[in-house]
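Encoded as structure tokens, the structure appears first; notes follow it.
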Amino acid sequence: DTGVSQDPRHKITKRGQNVTFRCDPISEHNRLYWYRQTLGQGPEFLTYFQNEAQLEKSRLLSDRFSAERPKGSFSTLEIQRTEQGDSAMYLCASSPGPRELFFGEGSRLTVL
Amino acid sequence: AQSVTQLGSHVSVSEGALVLLRCNYSSSVPPYLFWYVQYPNQGLQLLLKYTSAATLVKGINGFEAEFKKSETSFHLTKPSAHMSDAAEYFCAVTDTSGTYKYIFGTGTRLKVLA
């Protein structure tokens, strides 16, 4: 499978715990995006990487959230001290250019 | 700033009937527009995209959309609904600020009745 891969697909955690999600983009894609999708809503932009540089962060990305893309390959999204409001689907997408995003299957987070 | 509005959060059609899902956009420059489909607990799959070529865009699974600049619309249609079309559909516009991130609408859930 050469698509965008996300891990884990599902994560259940208790409030206050830290969680980390991983995204492996399509290998030749230099652009990588993280989105958050809550129930009944469209995906909302969180952050964007071009190669290893994080070029844009949404105001949705509070200081409890951090994202990295070391060496411009895979990316991680970490949420510290999770809150119930963090429960959502976290979607990763990659792109070779500006005209199409390829999405992964998403990582669903449930915070109890 | 770019934005999209999807009219109708839920649409029901009978199997075999016309599907029409509405999307209006706001953009200060010629936009790139997209329709994505999402099945339960899955990611988003691209149905079709408009990138300033032909105004009538054909996509996968028999869907098509027409870009109408005068109406700032990009409605999605399919002549004959199939049960497998039941899903959530999202319209998106590209932000032209440099990141080219997508700005999504709130989605329309399509129900197909037997």
Side-chain angles (χ1 to χ4, degrees), chain A residues 1 3-11 21 23-26 29-51 53-61 88-110, chain B residues 1-10 21-25 27 29-53 57 59-60 67 76 87-110:
Chain A
D1 186 16
V4 178
S5 177
Q6 292 189 244
D7 183 72
R9 292 290 312 279
H10 298 91
K11 178 71 176 179
F21 300 113
C23 172
D24 286 274
I26 295 171
H29 289 184
N30 62 346
R31 294 168 176 252
L32 187 146
Y33 304 78
W34 284 98
Y35 283 80
R36 181 175 71 183
Q37 185 180 21
T38 53
L39 204 61
Q41 297 297 317
E44 296 172 294
F45 170 77
L46 290 179
T47 191
Y48 162 69
F49 290 87
Q50 185 159 337
N51 299 310
Q54 188 174 20
L55 298 184
E56 185 172 343
K57 293 195 293 185
S58 163
R59 280 174 287 182
L60 293 175
L61 214 65
M89 174 81 89
Y90 291 87
L91 294 163
C92 177
S94 70
S95 172
R99 299 191 180 187
E100 184 175 344
L101 297 188
F102 295 81
F103 282 86
E105 295 291 305
S107 293
R108 180 168 294 283
L109 173 65
T110 301
Chain B
Q2 287 76 16
S3 65
V4 292
T5 301
Q6 291 186 243
L7 297 176
S9 58
H10 293 81
L21 305 182
R22 300 178 186 274
C23 173
N24 288 86
Y25 69 91
S27 178
V29 298
Y32 295 156
L33 293 159
F34 308 84
W35 276 99
Y36 279 82
V37 62
Q38 186 177 37
Y39 297 98
N41 294 313
Q42 292 188 23
L44 282 77
Q45 180 184 9
L46 180 69
L47 280 177
L48 49 80
K49 60 184 176 183
Y50 168 76
T51 57
S52 73
V57 182
I60 62 171
F67 173 71
L76 182 71
E88 186 113 30
Y89 292 81
F90 293 95
C91 182
V93 65
T94 308
D95 184 294
T96 55
S97 64
T99 64
Y100 292 97
K101 63 182 181 284
Y102 286 16
I103 299 164
F104 286 87
T106 52
T108 297
R109 183 169 297 278
L110 177 66

Handout entry: Non-neighbouring partners of B:Lys49 that pass salt bridge (Lys or Arg N to Asp or Glu O under 4.0 Å), sequence neighbours left out
Key =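 Per chain and number, B:Lys49 pairs via salt bridge (Lys or Arg N to Asp or Glu O under 4.0 Å) with A:Glu100.
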Handout entry: B:Tyr36 ring center near A:Phe103 ring center (under 6.0 Å)
Key =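 Distance test on ring centres: under 6.0 Å, yes.
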Handout entry: Heavy atoms of other groups near B:Ile60 CD1, more than 12 under 6.0 Å
Key =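 Yes, CD1 of B:Ile60 has more than 12 neighbouring heavy atoms, counting only those of other groups under 6.0 Å.
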Counting only non-hydrogen atoms closer than 4.5 Å, does [X] touch chain A with its backbone (N, CA, C, O), its side chain (CB onward), both, or neither?
X: B:Tyr32; result: side chain
X: B:Leu44; result: both
X: B:Glu88; result: neither
X: B:Thr106; result: both

Practice task
Sort A:Gln41 into side chain, backbone, both or neither according to what part of it lies under 4.5 angstrom from a heavy atom of chain B.
Solution key: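 Both the backbone and the side chain of A:Gln41 come within 4.5 Å of chain B.
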Problem - Structural part of A:Leu91 lying under 4.5 Å from a heavy atom of chain B - result: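 A:Leu91 touches chain B through side-chain heavy atoms alone.
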Problem - Partners meeting side chain to side chain contact (heavy atoms under 4.5 Å, CB included) with B:Thr5 (sequence neighbours left out) - result: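 With sequence neighbours excluded, B:Thr5 shows a side chain to side chain contact (heavy atoms under 4.5 Å, CB included) to B:Leu7, given in chain and number order.
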Practice task
Using the ring-ring contact (aromatic ring centres under 6.0 Å, His included) rule, take B:Tyr102 and A:Tyr35 through it: C-alpha gap first, then chi angles, then the decisive distance, then the call.
Solution key: CA-CA 10 Å; B:Tyr102 286 16; A:Tyr35 283 80; 7.5 Å; no
Exercise for the section: Tell me whether the guanidinium CZ or amine NZ of B:Lys101 lies under 6.0 angstrom from the six-membered ring centre of A:Tyr48 and within 45° of its axis. Expected result: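 That pair does not qualify as a cation-pi contact.
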Problem - Options A:Gly42, A:Cys92, A:Ser95, ranked by heavy-atom pairs under 4.5 Å with chain B, top entry - result: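 Of the options given, most contacts go to A:Gly42.
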